[in-house]
Structure formats: C-alpha cells, structure tokens
Peer 1: 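Provided herewith is a single structure, encoded as structure tokens, for subsequent inquiry.
In what follows, chains are A, B, ... by sequence order, proteins preceding strands, each numbered from 1. Values reported hereafter were calculated over all heavy atoms of this structure, with side chains retained and with hydrogens, waters and symmetry mates removed.
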Amino acid sequence: MAKTTVERPAEDDIQRGELLDLYRLMLLMRRLEESVYRKFHEAKIGGYLHRYDGQEALVAGVIPQLRLPGDYVLCTYRDHAHALACGTEPKAIMAELMGRATGCALGKGGSMHLTDPERGFLGGDGIVGGPVPVSLGVGYALKYKGEGNICVCYFGDGAMNQGGVHEAFNMVGLYKLPVLYILENNQFAMGTSVERSTGQPDFVLKAQAHGIAGERVDGMDLLTVREAANRAIARIRETGEAYFLEMTCYRYVGHGIGDDNTGGHKTYRTEEEVAEWRLRDPIHRLRDTMEARGFLTAEQAEAIDREVVAEVEEAIAFAEASPEPPLDSLYENVYS
Amino acid sequence: MAKTTVERPAEDDIQRGELLDLYRLMLLMRRLEESVYRKFHEAKIGGYLHRYDGQEALVAGVIPQLRLPGDYVLCTYRDHAHALACGTEPKAIMAELMGRATGCALGKGGSMHLTDPERGFLGGDGIVGGPVPVSLGVGYALKYKGEGNICVCYFGDGAMNQGGVHEAFNMVGLYKLPVLYILENNQFAMGTSVERSTGQPDFVLKAQAHGIAGERVDGMDLLTVREAANRAIARIRETGEAYFLEMTCYRYVGHGIGDDNTGGHKTYRTEEEVAEWRLRDPIHRLRDTMEARGFLTAEQAEAIDREVVAEVEEAIAFAEASPEPPLDSLYENVYS
Amino acid sequence: MATMRYQQALRLAMTEEMERDPNVFLCGEEVGQYQGTYRVSEGMLQKFGPQRIVDTPISEIGIAGMATGAAMVGLRPIAEFMTWSFALEAMDQLVNHAAKITYMSGGRIHCPVVFRGPAGVGTQLSAQHSQSLESWYAHTPGFKVVMPATPADAKGLLKTAIRDNNPIIFMEHAGLYGTQGEVPDDPEFMVPFGQAAIRREGGDITLISYSRGVQLCLKAAETLAKDKIECEVIDLRTLVPLDMETVLASVRKTHHAVVAQEEWRNVSFGSELSARIHEQAFDDLDAPVGRVGGADVPMPYAKNLERAAIPTDNDIIAAVKRALA
Amino acid sequence: MATMRYQQALRLAMTEEMERDPNVFLCGEEVGQYQGTYRVSEGMLQKFGPQRIVDTPISEIGIAGMATGAAMVGLRPIAEFMTWSFALEAMDQLVNHAAKITYMSGGRIHCPVVFRGPAGVGTQLSAQHSQSLESWYAHTPGFKVVMPATPADAKGLLKTAIRDNNPIIFMEHAGLYGTQGEVPDDPEFMVPFGQAAIRREGGDITLISYSRGVQLCLKAAETLAKDKIECEVIDLRTLVPLDMETVLASVRKTHHAVVAQEEWRNVSFGSELSARIHEQAFDDLDAPVGRVGGADVPMPYAKNLERAAIPTDNDIIAAVKRALA
Ligand SMILES: Cc1ncc(C[n+]2csc(CCOP(=O)(O)OP(=O)(O)O)c2C)c(N)n1
Ligand SMILES: Cc1ncc(C[n+]2csc(CCOP(=O)(O)OP(=O)(O)O)c2C)c(N)n1
Ligand SMILES: [Mg+2]
Ligand SMILES: [Mg+2]
C-alpha cells in the first residue's frame, strides 16, 4: 500500500505509523472517488462507475494485513479502493478509468475491471456474485500449492441472492479452503434494501448453512474491522478453513453514476438516512481516535489531505496525458 | 389415485379404505418399476430410466392428500410414482416410457418427462434442481389467483447443491408462497453420498437460511410421512407460507439403468447396506401394520398384488400395441 | 398517433396489455419502486401495485423460473432482465425449461412468457455487459426472437409478444430507448411476427438488418444515394420467425445483398441469413452476400477501441461497394 | 501405436499430461470414486489421489468457477461436465468469466482451462439432454472449440488443449466413446489446433464436418463412390480456430460443397461455414453450398422421431445429389 510521508518521531511508534498509513489510505480512497464523477461529467470517464465512499474501512482494515503478492484479492465492480489497497498506483487506476494505454488493464477493462495480478489483485468483476465461484477456484489452487496463502473475496449484500454464491460456499465449506469472505453489506443492492430482497436477513446463517463459520462486524469502524480481520486471517492460515465476515456499512452516493443521474436513490432512501450514516464516517472516526491518542494533529491531518489530493491530481494529469490504446490492440489479448 | 376393488365391510371404515388404497398405490408403483428394466432390456424402453423402489412412501403419503386438479405437483426425472399418484393411467405412463403416440406426452417426453397437467401433474424434469425455480413461479401464480391451492415440489439431496434451488428458496421465502418442498433424501446423488457433497449436511437449516421452515421426517414409514404432510399442507393452506420436509429414504436399485449396467453402485455402497434399508421397506411396514390392525389378510394382500401385477401387464400390453408417434408430429408442439 | 420514445412505447404496450388482461404481470430487478433501471416501467408500480409489478432480488435463475412456472399454469408473465447479459445466469431455465416444456409435454403445457430487457453496445460498459446473444436464442428451437428498431414496433411487437402463447425473447436496444417516433395509440395496434418492413426502397442492393442496425443501414443508404447507389433497406423485426419471402423478393430484384448486425459476426444470425440467401437465391446473386458485424472480441472499455469494435454506416458502405465492385 | 477406444484415448491424454505436469488436475461430477459416468476417468482417482481427481457436488457454476479461478492463479484444470447440456447452468462463469478474463485484464491474467465432456445425440435422452451448442461457444470470442472425431484425435487434441493457455471447449461425442482406432503412444504426440484433416480424397464435391458427422460423411462418400461420385471429406477437428485454407483449397478443386453437422441447423456453425465458403469461393462454386443439420426441434424421446430428427448419411447423399444436379 502507499506509504505516508508524514515525519515520524524518533522513537519508532509502529502502531502510530500503521494507523497513519491506514488513515492516509482511506483518505486517498475518498479523494480519488470524489474526483471520478467530475471526470465522468467531463466525458473523460465512461461506462458504469461505482464509488466506495463510506465503505473504506472494509478494505483498509483487511487488505493491508495480507501478504501481497502471495495472497489474492477478488472483488466487485466497486473496486477502486481495493486496487489502491493492493498497491496499484493511482496513476494506473485513473488511466484505466479513462481508458488509456497506461491503465492497469491497458484500457480494456475500465472501472469495473481494475486488475493487478502481480500484486495479488485479481480484479473487479461486473457480474453480481461473479467473484465468489472464482474464489472457490483460487482457494482450491492455494490449498493445492500448500504455501499457506489465502484468498480474500469481497461481494455485496445483493450477491447473497445469486445461486452461484451458494454453490461456491457449499464447495468451499466441503473442501475446507482458505478463503476470507467479506460481505459488503451497505444495506442496498441498487434500489433494493436487504429487507426487500431476502427471505431471511441473517447472512451469517446463510454462510453457516454451507459449513462456513462467520460473524457480523461494524464496518464503519476501522479498528473494529481490522481486529476482526486479523483474527479471521490468523484463523484461516491456521486451520485452512474459510471464514465469513458480514460488514455492516453504507454507501454515501448513488449505486453508480446512473443512479445519481436519474435521482433513483430518492426512491429508496432519504437524505436524512444518508446524513445519519455519514455521522459514523470511518475516516472521521479514525481521525478523532488518533487525535485523542495524540497520534495526529490538525496540521498533520491537513498535510496528509493536501498530499493525497495532490496524488489524485497527479494521477489525473498522468491519465489525461496518456495515449489511448493503439487501435491494433483491439484484436490483442483475446487469446493468451 | 387408482381405487382398490377389494370388498369393504358393510360399516364404512374410512381409515381402512384409505390405507388399503395407499397400500395398493405403493404396490402398483413398485410393480411398475420392477417391470421397466425388463422392458428396457427388451429394447422397448430407451434413454435414461430411474426407479423409485423404496421411496414410495414419499409420494403415497403426500399426493393423495392434495386437491387435484387445483394443486400442482412438480418432480424430478424419477417421476413414475408421482404420475401414478396424481392419477395418470398406468397405460399412458407405460406408453410414454415406450415412446408411443398414446403416451401421456405423446411419446415426446419419455421416462424423465411424464406429464398430466389436467390432473395437476406438471411433470418430471431431467435437470437436477430444475423443478425448484419453476415451483417458485407456480407458487407465485397460485398466490396471485388466490384460490387457496398449493404446489408440491419434489427434488433430491443432490439438488440442494444447485444454485437455482437457493435463488428460488430465497424468493419463495421472501414472497411467502404456498409451496411444499419434499426433499427426497435417498442418501446419494448418483454415486455421491450426502457427506461427500455438502459442506453442512442439515438440509433443514439450508431451507431456514432462506426463510422457509421445515423438519426432517422418516420417509420409510408411510404413516409418518402422511401425518407430517398432513400438518404441512394444512399449515401452508392456512398461512400461505412455504414449508420444507426432508424425507430420509433410500433407493434400492442403481441411480438409473446406466448405474446397474456399469455396476457403478458397487463403488459407493455395499449390498449389505442396501439389504439393511430393505428391512425398513415402506410397503412391508404398512402391510404389517394393517395385518396387525386386522385391516388386511394375507389372502387380500395376495389379491391386491395379483390385481396390481395384472394392471401393469395390461399397461404393457396396451403400450406395446400402441402405434409410434406419426413422423410428421416431429415438427408439432415446438410452438403452441 | 402520438410522438414518443421507444422506451415509452414499451411502457405503453405493457400498460395496455396489463389493463386488458389481469393475468399479465411484470417481474424483474428494480422494475417497481426504483421505477426501472432504464425507466421503462416508470410509474407502473403505482398504477398496478406490487402483486403485478414485482421487484425481485438479484436472482436471474429465480426470475426466469418465476416467469416460466407462472406461465405454465396460466399467467402471462413479462420478465425483465436488467440487461440481456445477465440472462447468462438463467440459461438453463430459459433453454432447458421455457423453450422446451411445450414440446416435452406433447403440447399439453403452454408457456406464454415474454423475456425482455435492454441489449446493445456503445456506452463503454465493457466486456461483461456488451453482448446480446440473439444468435444463441435464434439457434434454439422453441423461442421466438423479437428485436424492434422503432418506437412503433417497440409497442406493436411487444403487444404481439405478450399475447403470443410461446416463450418470447424480446431484445430492446438501450441505445434506442431515447429515440422518438410516431406510435399508434390504438390499443389493438399490433405488429405481427414474421413480417419484415421495407424501410427504404431501392433497386441496386438489399441491406438487411434489425434493431439499431437498421439505422446504420438507412444512414449508409442516404450517403450511397448521393453516389446514385439505391439501397433497399429491410428491417426483419423478428429473427424467429424469419420473413425470407420479403428478403428473397428484394434480392431477386437487386441481385446484391449485405446483412448487417452489431453483434459478433462469427457463427451468428448474419451467417444464417447469408447462407440462406445464397442457398435460395444463388442464381440471382451477382456477388456474394456481404456481411457486416461486430468485431469478434470481448468488448473493450476504451472509447476508441469500443468504437472500432462496433460496426458503423461506413462499414456498411464499404461492404456495399465491395458487393457492387 | 496401440488400438484403443476414443474414451480410453481421452483417459490416456489426461493421464500423460497429469504425469508430465503437477499443475494439471481434473474436477467434475462422479469423475473419481464412481470412476466416471462414461468411464472416461476410470482408475484415475486411484492413480492420482483425491486432490487431483476431484469429485464435486452437482454444482456446475461451482465447477466452472473452481476451474476458472484455479487457472487464473497458475494451475491447469480440466473440468468435466457430465454432459454438455449441464453447462447451461454455468454459462455466466464460462462466457462472462473464463472467456473474457484475459482480454479484460489486458492480457495480464491467463486462463488455461479445459472444459470437457460428452455431447451428442442418439440414445433417446430426450430434449433436455440432447444438445451440444458448439455454435454458441464458437460464436463467443475467447474460446477455442475442439470436437474430435477419432480416437487418435481425441488423444492428440486433448493434449494440445491441456497445454494451451486459453479456455478450451472440448466436446466429446458420447456416441463415439466406444469406437476403436489406432492411437500413437508417444507422449509427445499432439494434434495442433486449426489444421483440418482430409479423411478421404475426391474431386467431385467437398463434404465438411466434425465429430460424429465425419463418420456420416465417410459413409455417404462410400455409397456415392458406387455411383462414381468422388467426395472429398474434411474433418475440421477444431471449429475455433477454423482451417479455411484446407476447406477453400478443396472447394476450388471440386466446385461443390456440403457442410454437415448433427446439431440444430438454424443459426449454427454450418451457417457460418456455408457463408464463408460463399464469400471466399463464390466464383469457384457451381452450386450453392448444401447444408445438412439436425431438425430444428427440441429432441423428441420416441425412437422413430429421434431418428427422424438426426441427420443420416442418406441426408448427406441427398444434399450431394442436389448440389450436383
Ligand atoms: C448477475 C447480475 N445481475 C444484475 C446485475 C446489475 N447490477 C449491478 S450492481 C447491482 C447491485 C448489486 O448490489 P450489491 O450486491 O449489494 O453490491 P453493491 O452495489 O451494493 O456494492 C446490480 C443489480 C449484474 N451486474 N449482475
Ligand atoms: C444440472 C444437472 N447436473 C447433472 C445432471 C446429471 N444427473 C442426473 S441425476 C443426478 C443425481 C441427482 O441426485 P439427487 O438430486 O440426489 O436425486 P436422486 O437421483 O437421488 O433421486 C445427476 C448428477 C443433471 N441431470 N442436471
Ligand atoms: Mg449492497
Ligand atoms: Mg439422491
């Protein structure tokens, strides 16, 4: 993951350093997401575009604890934060969003298909539930190779209603594979709330029904997520068996750029509801904790923010200056 | 269902009459199944062929309690018994098995696709798990029409590993639809035992995870099945909500004609295991009970058996005497 | 007659049919409270209520089974796929159930269901969301395959589909939703299946297409007219049933043909059409039938690559010139 | 050289490749303890153990995902579908994942996986179990589509498939499993993709097919030889990549062609082949390319109807006579 440049005190305060890194990472995610709609409206970015604002702790609390490369990460189309956490350069991400030759997928994937296999990031997936059957295969391969690595697979609450997810869960439970499932329960699948989409809302029970143990976690608090993920990862490395974490969280913006365009979100939630969840913002919460513990001053926070914003602007400049993919690459990569 | 012609005592003993009917029905199922392999080896029947020997109580204990027509029945390719219980003539069944114009599907469906919609039998399905998503639609339509009818959907233990089953369960649980699910847990999916195919073997829990209540039932005992089905049906008609019955049972013969040909079953179970289950045979068990209660004498039992065998032979003769479908029917029924 | 968008015409067709027949209902993801991902069903939940406008979980197998099962017992469901790409999840229910139940039951069970939703390419949705696969459905006996090119056809063909007693694959083009056109408001206005429309008459060459491909053909025809090349443009409307009479009559007149589609070109509907024209009008042809189709690659995201992957009127013009050379 | 059955040749190919490369494994329903539904993997569990011969639940989406995911991180899985009809359940994992991941990742992720299993018709399995859909896969960019007709090709093509770095659709014909033939036992014997085999030389007409269709063509050719009609019979071996050179060279010599397949005829691989021959050899053709295919109906169960639905050598003979008339 990106390293902070804030000066450290002489005495090497690991915990402080770690928290600063995570704070910076979450802020980088937020600032990057805040920039993409602007670029979409400037017609620099096209297609579907899904932001992670509000869910940052689910990624910052988990991925930095992995061994990358070695372990693997799979996620949905809402994948910008995951790529950042795996260490993909903001430049390569922004260039991919703009469909440039310098993008992490040479401009062929776009927002929903960021990828960086050398860093263990197997990419986003545009199909709801799609990464879960794939995680079964990745998990099987990791067990097969026997090097003690694990696979982390992110997916949404709406994906719990995909049959393929249940087939894969059952097989992962049956074969006992080293996969950590992170359910990004942000309360909605597009405009459909969890209550309107499931016959039984306890997702942990759905995983247990296939032989995968799990628990529910407050996904709005980085330290809570980090602690739960730490336990889960240790347990998986030790037992080789899968674990399921349902993370309660919330997406601040519409489902995707289209949702905002249509104002569709007004049909499924109120501005008040969004405002209430924003009060639990994981970035502010971490900042308060760190300030309380004397890990971070207002000035340092400002500095980090300026840095991060600069990094995003730099990525944008890089992407905009990058060439489009050559036309003859159209027929390349269809086959290996 | 087929009526018995055994004389009744003057005082109308309903319970006795009912039990005799069910005994006769189960015996008819058994004798019919015993005849089909013979006909296959005579090359009168082709394709796949799956027998129900040993599982008769799952059908005899449930379907006769339905309102047919009105209610609907869906099941798997192992469907001969279900058709008989719905009242499809043995002649029409045997003719279908032999691919004759007089078959219940004009010879176009065969063993796996017996059907009799006018009697509420929506047919067998060659796809594992296939009937379950369909049952969601049938259940939705029954609720939509609001006439208090229900759908009964049979499927196997192996089908619990099909994603479509989980999608449908969740939606049936969400919409609260009048469907009775009968899991024919005969311990194996072809050569794969339940233990080797699921990450968590409590199937009732899998249904509950989607909001469908259920229980496990001894499927080798007709009276137990009948009582459980009676409660379940009443409950569904009253609440309009689905219910799930996992029926423990056993198939005496190979998975299908192919299994017997290849001797494949020797790879997954012993003759001793089969013999043990045969000791719990539902037909013998009912016969013993009825003899004990003085409902049935050895002579009457013999008479019923002779009758039933004659009925099967008559069906065979009818089928063999029936014409093949006309060649120009090949292009008929592709569209309605 | 009223001027409306393709999208509104679809809504009007569904609304009229639901008013006419209480057995018709609509189910799919976000069709109700959210007012439709592409606004096709906007307002219908308020009008018909939750029993007839059914929001579903993200469960395409469930949606397809729900529609198929309900159709088997007498309802007339309309199932919306948020986009046709997601129907890949439901392929078993579609192909091994909906399309075959009538045949397997010897005609005793009917399956009057419409599977509809947007397909089509062109807005950088990238590989997983940019395929329509009409060729797959046309290959599969039991389906009728409908692909309207105009608002009037969107209404007339959808009404015909809803009243048909068979499983219908009704593919809309997301890129056409916004297009305006005259639409008859007569509630009995229907467009029959299997009757192609001649969108432009011409004697030099026959251009055959469907869905948005028709627009490309008309655009190409206009340009070519300036060079005194007169194209006859045929809109097939339905791929199954297929109106070969209209196609052959035109080819016998023009002696040249180009078939155009946005979908992948290899082993596609265009292949079938080309093969049939060669088989049935071989001696009338002065040149082999030209084919224009999408590049045989998963759709790339980058704007310039996507543009290069999708056929344009210029590709059609080039094919016409090759055919007439 | 050894004489063995098609089925044994497949087993030999998998066994040799698994001995050669520890990253190769086989997963599927009943491939292990049950010894394979059609005995293709008989004895392999005993030889390679449960980690490399993996019995799966009846979960085709899971099987496809397991193979795709494992391939993405460096293993070389072989996934068996008990029959190809059941791949309908897994279509999203196959088409929207396996076939596209390489392209979507800009070539950074590879997907060396073989999806194999029996297809084919002819034993009264009725509608849901009687379809191969090779046309669907051939339509989809990203797949290579392989359909061996002989025991030697079964071995040589499967070995090439296992060593290929792309998702391979490897369709066997259940009706060919029992056929005997000479098979090279050299562990380096491979049959390259995209090289058709001329199974019989002849100057009057070119018959092009694959899988069991090749046998029908050879049978028809024998009969026709008695009437002094010499057929050249081409076995394509792989539908993607497609060896048009061999096809065109033959057609330029014979000036007549018939394409034959057992699969449904409408919008099929045969349509593409016919279209291409017309496009690329129009002036060499003395008659339109004939097409023979299965009846466009869901497969009926009754023996007489099934027989009528499946093409025979007589249908090919009739097509040849029409072409030469
Ligand atoms: C199989 C499939 N069906 C439908 C869609 C369209 N779609 C994209 S995202 C989405 C909502 C998913 O919600 P959830 O799983 O909760 O993830 P979130 O977007 O909330 O992160 C839908 C319906 C899709 N991409 N794939
Ligand atoms: C989707 C699908 N996969 C595989 C098959 C092949 N198959 C037919 S029956 C069967 C076993 C099913 O076992 P179970 O569900 O327990 O039912 P049972 O045969 O025991 O009654 C299999 C694997 C199929 N018909 N459909
Ligand atoms: Mg969500
Ligand atoms: Mg079973």
Peer 1: Out of curiosity, L205(B) CG to H210(A) NE2, how far, rounded to the nearest 0.5 Å?
Peer 2: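 Answer for the CG-NE2 pair, L205(B) versus H210(A), is 9.5 Å.
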Peer 1: Looking at A207(B), A168(B), S197(B), G164(B), which one has more heavy-atom pairs under 4.5 Å with chain A than the rest?
Peer 2: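 The answer is S197(B).
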Peer 1: Tell me every residue that passes side-chain hydrogen bond (donor to acceptor under 3.5 Å, both in side chains) with T248(B), counting only those two or more places apart in sequence or in another chain.
Peer 2: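 Expected list: none.
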Peer 1: Listed by residue number, which members of residues 172-196 of chain B have a heavy atom under 4.5 Å from any heavy atom of chain A?
Peer 2: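 Within residues 172-196 of chain B, near chain A: G173(B), L174(B), E195(B), R196(B).
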Peer 1: Heavy atom to heavy atom, less than 4.5 Å: which residues from residues 228-246 of chain A reach chain B?
Peer 2: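 Hits under 4.5 Å: none found.
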Peer 1: Can you tell me how far CD1 of I212(B) sits from CD of Q200(A), rounded to the nearest 0.5 angstrom?
Peer 2: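 Reported value, rounded in 0.5 Å steps: 11.0 Å.
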Peer 1: Answer with side chain, backbone, both or neither: which region of H166(A) has an atom nearer than 4.5 Å to a non-hydrogen atom of chain B?
Peer 2: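 For H166(A), side-chain heavy atoms alone lie under 4.5 Å from chain B.
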Peer 1: Residue by residue, which of residues 148-162 of chain A have a heavy atom closer than 4.5 Å to a heavy atom belonging to chain B?
Peer 2: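 Only N161(A), Q162(A) of residues 148-162 of chain A have a heavy atom under 4.5 Å from chain B.
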Peer 1: Go through the atoms of D202(B) and report whether side chain, backbone, both or neither lie under 4.5 Å from a heavy atom of chain A.
Peer 2: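 It is neither, since no heavy atom gets under 4.5 Å.
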